[in-house]
Amino acid sequence: MAEMNFGGVVETVVTSKEFSLEKAREVLKNETIAVVGYGIQGPGQACNLRDNGFNVIVGQRKGKTYDKAVADGWVPGETLFSIEDAVEKGTIICMLLSDAGQIAVWPKIKPFLTKGKTLYYSHGFAITWSDRTGVVPPTDVDVIMVAPKGSGTSLRTMFKEGRGLNCSYAVYQDATGKAEEKTIAFGIGIGAGYLFKTTFQREATSDLTGERGSLMGAIEGLLEAQYDVLRANGHTPSEAFNETVEELTQSLMPLFAAKGMDWMYANCSTTAQRGALDWAPRFREAIKPVMEQLYHSVKSGNEAQISIDANSKSDYREGLNKELETMRNKEMWRAAETVRQLRPEND
């Protein structure tokens, strides 16, 4: 482990330099890793572990997702099983179903969580709000988490490129005395860039806040607001989209992702610098009360309950598809389709 300075705050992080892949393999050499669910995180974690030489099986119901697992090289009856069979065979049970899916299958899975096994998560939702989910693990199993800070697709893509996706890790219950070592080994196994320590509660709270905030909800709202104002004042869809989204994603984000916001500012025009520096505090003060409301709603469990209630409806998927279609049909995102076609790489 190494100590790193994060803006004046020293944190302990773990990388493959301190905890090698060889050590991770040694720690988990007698484990059968059962990845339950092959939707968002499952493929990336399962395939990365397999490619890194770990003993992995997949548990998935029959259907399109099962067929995807077969296409990825998982063999029915050898490395691909029903969820119940995989949990029975596995010693580390990776709960990578959706939050709603985890709640639904928990009664079927719990009887197979025998003494000494490990229950693994990539999100603290089910454990943090156990009073709402009903997910209460047996006391004689380890309960651990490695949470990639990105999608399973990104985890897999970056792994294949020789890079790692940053991950948080946590131990909720250490029944064997070896839970933390197993957790770090697992993180190295899935191809983490670096690992930083958290708790199930902190991960779940920050994750839900981020998804509803700067990662998805707030950014969507901000982009729509700017686009709508430009269009209402006579700017064309192409101009409004380029000034709102295209320049952000294709030009500016790579700059501050690489070297920081201050470096990006230093490499923009003096007019852009002055305006951004003047208006950033106004946006912060306008948005901060909404973020505080959001955080309170998450921490109180209200957002978890909204998610549980919505996702448990029999027609949830149908309703979700309608909402996504409404977004897709907004002028801004229809303009995006044309702009993407005009990018040089599509010539």
Side-chain angles (χ1 to χ4, degrees), residues 4-11 13 148-151 153-155 157-158 161-167 193-194 196 206-207 209-295 324 326-347:
M4 301 293 291
N5 190 318
F6 292 85
V9 178
V10 176
E11 293 186 40
V13 301
K149 298 297 101 181
S151 70
T153 301
S154 298
L155 181 74
T157 300
M158 293 172 72
E161 293 173 350
R163 301 186 293 142
L165 186 64
N166 299 334
C167 302
Y194 76 83
F196 61 95
S206 61
D207 190 78
T209 300
E211 291 166 348
R212 286 150 179 75
S214 66
L215 301 180
M216 293 174 69
I219 192 68
E220 166 71 10
L222 171 64
L223 297 177
E224 286 190 8
Q226 179 169 304
Y227 182 90
D228 289 348
V229 168
L230 289 172
R231 289 288 289 123
N233 284 276
H235 299 271
T236 66
S238 180
E239 185 171 50
F241 184 82
N242 273 278
E243 292 295 345
T244 300
V245 180
E246 191 73 353
E247 187 173 352
L248 171 67
T249 59
Q250 302 303 301
S251 175
L252 300 184
M253 287 182 73
L255 295 183
F256 69 77
K259 296 188 177 181
M261 189 69 77
D262 59 324
W263 187 86
M264 184 198 77
Y265 271 44
N267 286 273
C268 289
S269 72
T270 54
T271 302
Q273 292 168 1
R274 184 69 269 144
L277 288 167
D278 288 346
W279 277 89
R282 302 186 199 183
F283 278 109
R284 182 181 65 244
E285 293 309 308
I287 294 168
K288 191 173 180 180
V290 180
M291 292 300 297
E292 289 173 337
Q293 293 171 17
L294 166 59
Y295 188 82
L324 295 178
T326 298
M327 180 189 293
R328 184 166 55 251
N329 287 332
K330 288 180 179 177
E331 183 188 270
M332 181 171 73
W333 297 118
R334 286 192 285 111
E337 294 176 1
T338 303
V339 171
R340 286 196 295 270
Q341 292 172 8
L342 293 170
R343 287 177 186 166
E345 64 263 29
N346 293 323
D347 290 346

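All values below come from the heavy atoms of this structure, side chains included, with hydrogens, waters and symmetry mates left out.
At least one donor-acceptor pair under 3.5 Å links the side chain of Arg231 to the backbone N or O of His235. Glu243 contributes no side-chain N or O that, together with a main-chain N or O of Gln226, makes up a donor-acceptor pair within less than 3.5 Å. Of the possible donor and acceptor atoms, one in the side chain of Gln273 sits under 3.5 Å from a partner among the backbone N and O of Cys268. Under the 3.5 Å distance criterion, the side-chain polar atoms of Glu246 are left unmatched by any main-chain donor or acceptor of Phe241.
Considering every non-hydrogen atom in both Pro254 and Leu248, the closest pair reads CD-O, 4.3 Å. Shortest non-hydrogen contact noted between Met216 and Glu211 is CB-O, 3.1 Å. Taking each heavy atom of Met327 and Trp333 in turn, the nearest pair found is O-CD1, 3.4 Å. Residue Leu255 comes nearest to Met264 through the heavy atom pair CB-CG, 3.9 Å, listed as atom of the first residue, atom of the second, then distance. Residues Leu294 and Gly213 approach most closely at CD2-N, 3.9 Å, considering heavy atoms.
Put simply, the side chain of Glu331 reaches to within 4.5 Å of the side chain of Tyr227, judged on heavy atoms. Asp228 places none of its side-chain heavy atoms less than 4.5 Å from the side chain of Met332.
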Worked check of side-chain contact (heavy atoms from CB on, under 4.5 Å) between Tyr295 and Glu292: CA-CA 5 Å; Tyr295 188 82; Glu292 289 173 337; 5.8 Å; no
Test side-chain contact (heavy atoms from CB on, under 4.5 Å) applied to Phe256 and Met261, step by step: CA-CA 5 Å; Phe256 69 77; Met261 189 69 77; 4.0 Å; yes
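Considering only residues two or more places apart in sequence or on other chains, Glu337 meets the side chain to side chain donor-acceptor pair (under 3.5 Å) condition with none of them.
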